[in-house]
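Below is one structure, written out as structure tokens; comments come after it.
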Amino acid sequence: MSGFTSYMDAALDEARAAAARGEVPVGAVLVAPDGRIVARAGNRTREQNDPTAHAELLAIRAACAATGSERLTGHDLYVTLEPCPMCAAAIGFARIRRLYYGAADPKSGGVAQGARVFSHPQCHHAPEVYDGIGAEASESLLKTFFAQRR
């Protein structure tokens with residue numbers, strides 16, 4: 001059995017790039033079963049004037065386009081912040097195998113906080129969830145970003 005490889009550093013790179021664009025610093029990376037990064041994205045809601053342009057959704061869209069499938073069975077998603085309910089639902093619809101996220105989001109989270117999308121009977125697929133991966137770096141990025149805007 002091979003060891004665990006985290007791709008959270010790549011997601012953090014995407015979050016930093018989002019912050020540099022003036023977006024809330026959230027980054028996401030989708031990893032294929034063979035360990036290749038198939039998609040990476042950071043928030044672009046302001047740039048695209050699109051409330052759905054969250055890092056997770058942009059990465060899921062790009063990975064689906066790259067694989068030619070609406071299902072990402074066997075793929076793993078790394079995201080710097082706990083997904084909101086909208087993104088959690090999309091993660092389930094895409095049949096993502098594992099979700100790794102950094103910082104918890106008590107205000108808008110949809111996985112361990114708030115809506116807890118994966119625990120509802122209407123959720124047809126729930127990924128394995130691993131939280132706290134790179135949490136400190138993710139939290140620091142978010143705190144710095146919002147402190148600079150107040």
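One-based numbering along the sequence shown. Keep in mind that the numbers below use all heavy atoms, side chains included, and drop hydrogens, waters and symmetry copies. Bear in mind that the values here come from a model prediction, so they are computed numbers and not experimental data.
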Within a reach of under 6.0 Å around CZ of Arg46, are more than 12 heavy atoms found that belong to other residues, nucleotides or ligands?
no
Check for a donor-acceptor pair, side chain of His120 on one end and backbone N or O of Ala115 on the other, with a separation under 3.5 Å.
yes
What's the shortest heavy-atom distance between Ala15 and Gly27, and which atoms?
CB-N, 3.5 Å
Without swapping roles, check the side chain of Asn43 against the backbone of Val24 for a donor-acceptor pair under 3.5 Å.
yes
Closest non-hydrogen atom pair between Cys123 and Val117, with its separation:
CB-O, 3.5 Å
Measuring from Cys84:SG to Glu56:CD, what's the distance to the nearest 0.5 Å?
6.5 Å
pair Thr67-Leu72: side-chain heavy atoms closer than 4.5 Å:
yes
So does Arg36 get a backbone contact from the side chain of Asp34, meaning a donor-acceptor N/O pair under 3.5 Å?
yes
Provide the closest heavy-atom pair for Ser108 versus Pro85 in the form atom of the first, atom of the second, distance.
O-CD, 3.4 Å
Tell me the closest heavy-atom pair linking Arg71 and Phe93, and the distance in Å.
NE-O, 3.7 Å
So which atom in Gly110 and which in Ala88 form the shortest heavy-atom distance, rounded to 0.1 Å?
O-CB, 4.1 Å
When clusters are formed by joining ILVMFWY residues with side-chain heavy atoms under 4.5 Å apart, either directly or through shared neighbours, do Leu57 and Ile91 land in the same one?
no
Working to the nearest 0.5 angstrom, can you tell me the gap between Arg21 CZ and Arg16 CZ?
13.5 Å
How many angstroms lie between CD1 in Ile133 and OH in Tyr7, if you round to the nearest 0.5 Å?
13.5 Å
Heavy-atom side-chain proximity of Ile96 to Leu30 below 4.5 angstrom:
yes
With sequence neighbours excluded, tell me which residues meet side-chain hydrogen bond (donor to acceptor under 3.5 Å, both in side chains) with Arg116.
none
Measuring from Asp9:CG to Tyr78:OH, what's the distance to the nearest 0.5 Å?
11.0 Å
With a 4.5 Å limit on heavy-atom distance, are the side chains of Val129 and Tyr100 in contact?
no
Donor-acceptor check, side chain of Glu82 to backbone of Tyr101, threshold 3.5 angstrom: yes or no?
no
To the nearest 0.5 Å, what is the distance between CZ (Arg44) and CD (Glu23)?
7.5 Å
In one Ile/Leu/Val/Met/Phe/Trp/Tyr side-chain cluster, 4.5 Å: Leu12, Val79
no
For Arg61 and Thr52, which I'm curious about, is there any donor-acceptor pair between the side chains at under 3.5 Å?
yes
Mark yes when over 12 heavy atoms from residues, nucleotides or ligands other than Phe145 sit less than 6.0 Å from its CZ; otherwise mark no.
yes
Evaluate the side-chain proximity of Pro106 to Gln113: yes if any heavy-atom separation is below 4.5 Å, no if none is.
yes
Side-chain heavy atoms of Val38 within contact of His75, under 4.5 Å
yes
Could you tell me whether the side chain of Arg95 and the main chain of Gly92 form a donor-acceptor pair under 3.5 Å?
yes
Can you name the nearest heavy-atom pair linking Gly102 to Ser138, along with the distance?
CA-OG, 4.1 Å
Counting C-beta onward and ignoring hydrogens, is there a side-chain heavy-atom pair between Leu142 and Leu81 closer than 4.5 Å?
yes
Between Pro51 and Thr45, is any pair of side-chain heavy atoms under 4.5 Å apart?
no
Ignoring hydrogens and angles, tell me if any N or O in the side chain of Glu14 forms a donor-acceptor pair with the backbone of Val29 under 3.5 Å.
no
Is Arg97 paired with Glu128 through a side-chain N to carboxylate O contact shorter than 4.0 Å?
no
Between the main-chain N or O of Glu136 and the side-chain N or O of Ser140, is there a donor-acceptor pair closer than 3.5 Å?
no
Would you say Tyr130 and Leu99 make side-chain contact, with heavy atoms under 4.5 Å?
no
Between Asp105 and Lys107, is there a side-chain N and carboxylate O pair less than 4.0 Å apart?
no
